[in-house]
**Q** 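One structure is given below, represented as structure tokens, and several questions about it will come after.
As the structure is a computational prediction, the values presented were derived from the model and not from experiment. When a ligand or atom number is given, it counts from 1 through the structure's own listing order.
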Amino acid sequence: MIREIEYPDVEINVVRAKEPVEATILENYIATAAGSPNFIRHITFDLRNTPLEGKFVAGQSIGVIPEGVDEKGKPHKVRLYSVSSPSKGENGEAHLVSTTVKRVIDEHWETQEIYTGTCSNYISSLKPGSKVKVTGPSGKRFILPKNPQEYNYLFFAAGTGVAPFRGMVMDLMDAGSTNDIALIFGCPYRTDLLYKSYFEDLNTKIPNFHYLKSVSREEPRGDGSKYYVQYQLIDNRELIEPILKKDNTIIYVCGLKGMETGIYQILAQQGYLDYLRVSDDLLTKDPSTWSWDDIKTLKPSDRMHVEVY
Ligand code: FAD
Ligand code: A2P
């Protein structure tokens, strides 16, 4: 049985949506490679001289309030973006906080015209020097524990879900972690491997860091199906199983809503019930006989954190 995991006390809601503060955009550059159909940007906010300076830790989110009003004439609501900088701030500067933002582009429900998500497109278009209304920090559970170097980690990310793990991995490198850290990252195309050179470099240089990529639309599994992050639990079992078996391993899942279910399913099939909260009723049945409806009742245990949106 794992000992109780302690988490640091972090500040939340220092700045609320009713009274946002102004940050300045320091940098805003495309993070997807040429030819990608997706537009994902690395955006750094300068929070100097605001109460938010030095307040964010990796895993928390920053709120952004887009300019203008919605269809009903009301001011836009705040949207959250995971911080992708380390807890010390981007480049170690406490007043700099970065995010990783994907432009939401869809077809309008009624008009069939192109629908561009309000906030993601608003901030993605801001140039360095622009002012933006921000709030936060938000979130106190999706963070690294106290003494983070004492644990092993399995980080599952889909798309911009990699944002908090960039910051967390930087924190772990800073803490001199020699325990296992596996980042399992899923994206549609090879052009969308966010922060690829940083993670590939670590993979080469740091023996305890493992970078596994699941490129869903270009690198199918052996059976021709889409490669989703959860299938790495099966296809890379040799690497992952010894990590899962350690009693000081924590799983973090971030990204697309629904991605957690596939991870729960395979963990249950492989017998890793420590990471899950399973109802007493379900515990009486062999996991291999669980139906999809059974799987959907699973929740993460204290050893797994899930942030999906
Ligand atoms: P909105 O305009 O709010 O639209 C939201 C959704 O509704 C879109 O999918 C859009 O397609 C659909 N929609 C709305 N109206 C219509 C319409 N008329 N016709 C068709 N479709 C419509 N996002 C990131 O990019 N990076 C992150 O790191 C990140 N972290 C997050 C962390 C947390 C804790 C949470 C809760 C969310 C996070 N998000 C992140 C998501 C982010 O908060 C926004 O939800 C996202 O950017 C979309 O906001 P938007 O204003 O651009 O879209
Ligand atoms: P796909 O879209 O090919 O089905 P992004 O947010 O940038 O689109 O990336 C999300 C990634 O997660 C994509 O590769 C997407 O694959 C994949 N994905 C979609 N559905 C799931 C799911 N249920 N579980 C895990 N990954 C998923």
**Q** Using distance alone, decide if ligand 2 has a nitrogen or oxygen within less than 3.5 Å of any nitrogen or oxygen in T160.
**A**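 No, there is no polar N/O contact under 3.5 Å.
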
**Q** For atom 18 (N) of ligand 2, tell me which residue out of Y231, F185, Y228 has the closest non-hydrogen atom.
**A**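 Selected option, by shortest heavy-atom distance: Y228.
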
**Q** According to the salt bridge (Lys or Arg N to Asp or Glu O under 4.0 Å) rule, which pairs have a member within residues 35-57, sequence neighbours left out?
**A**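 Checked against salt bridge (Lys or Arg N to Asp or Glu O under 4.0 Å) - neighbours excluded - the pairs reaching residues 35-57 are E11-K55, D46-R48.
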
**Q** So which residues, sorted by chain and number, lie with a heavy atom under 4.0 Å of ligand 1?
**A**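 For ligand 1, the contacting residues are S61, R79, L80, Y81, S82, T100, V101, K102, V104, D106, E107, H108, W109, Y115, G117, T118, C119, S120, T160, E307, Y309.
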
**Q** Got a sec, which residues hit ring pair (Phe, Tyr, Trp, His ring centres under 6.0 Å) with H42, two or more places apart in sequence or on another chain?
**A**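 Per chain and number, H42 pairs via ring pair (Phe, Tyr, Trp, His ring centres under 6.0 Å) with Y29, Y195.
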
**Q** Among all protein heavy atoms in this structure, tell me which lies nearest to atom 6 (O) of ligand 2, with the distance rounded to 0.1 Å.
**A**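 It is K102 NZ, 3.8 Å.
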
**Q** For C187, counting its heavy atoms only, list the atoms of ligand 2 lying under 4.0 Å from any of them.
**A**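 Listed by number with element: 13 (C), 14 (O).
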
**Q** Hey, which of T191, T160, T32, D192 is the one that makes side chain to side chain donor-acceptor pair (under 3.5 Å) with N38?
**A**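 Single side chain to side chain donor-acceptor pair (under 3.5 Å) partner of N38 among T191, T160, T32, D192: D192.
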
**Q** Any atoms of ligand 2 less than 4.0 Å from a non-hydrogen atom of M259? List them with their elements.
**A**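 Counting atoms of ligand 2 from 1, those under 4.0 Å from M259 are 24 (N), 25 (C).
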
**Q** Consider ligand 2: state whether an atom of it lies below 4.0 angstrom from any non-hydrogen atom of P188.
**A**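 P188: in contact with ligand 2 (<4.0 Å).
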
**Q** Does the side chain to side chain donor-acceptor pair (under 3.5 Å) test come out yes or no for S225 and D223, once each step is laid out?
**A** CA-CA 6 Å; S225 63; D223 64 2; 2.6 Å; yes

**Q** Using the ring-ring contact (aromatic ring centres under 6.0 Å, His included) rule, collect all pairs that involve residues 211-251, keeping only residues at least two apart or in two chains.
**A**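 Residue pairs passing ring-ring contact (aromatic ring centres under 6.0 Å, His included), neighbours aside: F199-Y211.
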
**Q** Touching ligand 2 at all, L256? Heavy atoms, strictly under 4.0 Å?
**A**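 It does, in that a heavy atom of L256 comes within the 4.0 Å cut-off of ligand 2.
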
**Q** For ligand 2, which atoms have a heavy atom of K226 less than 4.0 angstrom away?
**A**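 So the atoms of ligand 2 that pass are 1 (P), 3 (O), 4 (O).
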
**Q** Would you mind listing which atoms of ligand 2 come within a distance below 4.0 Å of any non-hydrogen atom of R217?
**A**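 Reading through ligand 2 atom by atom, the close ones are 1 (P), 2 (O), 3 (O).
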
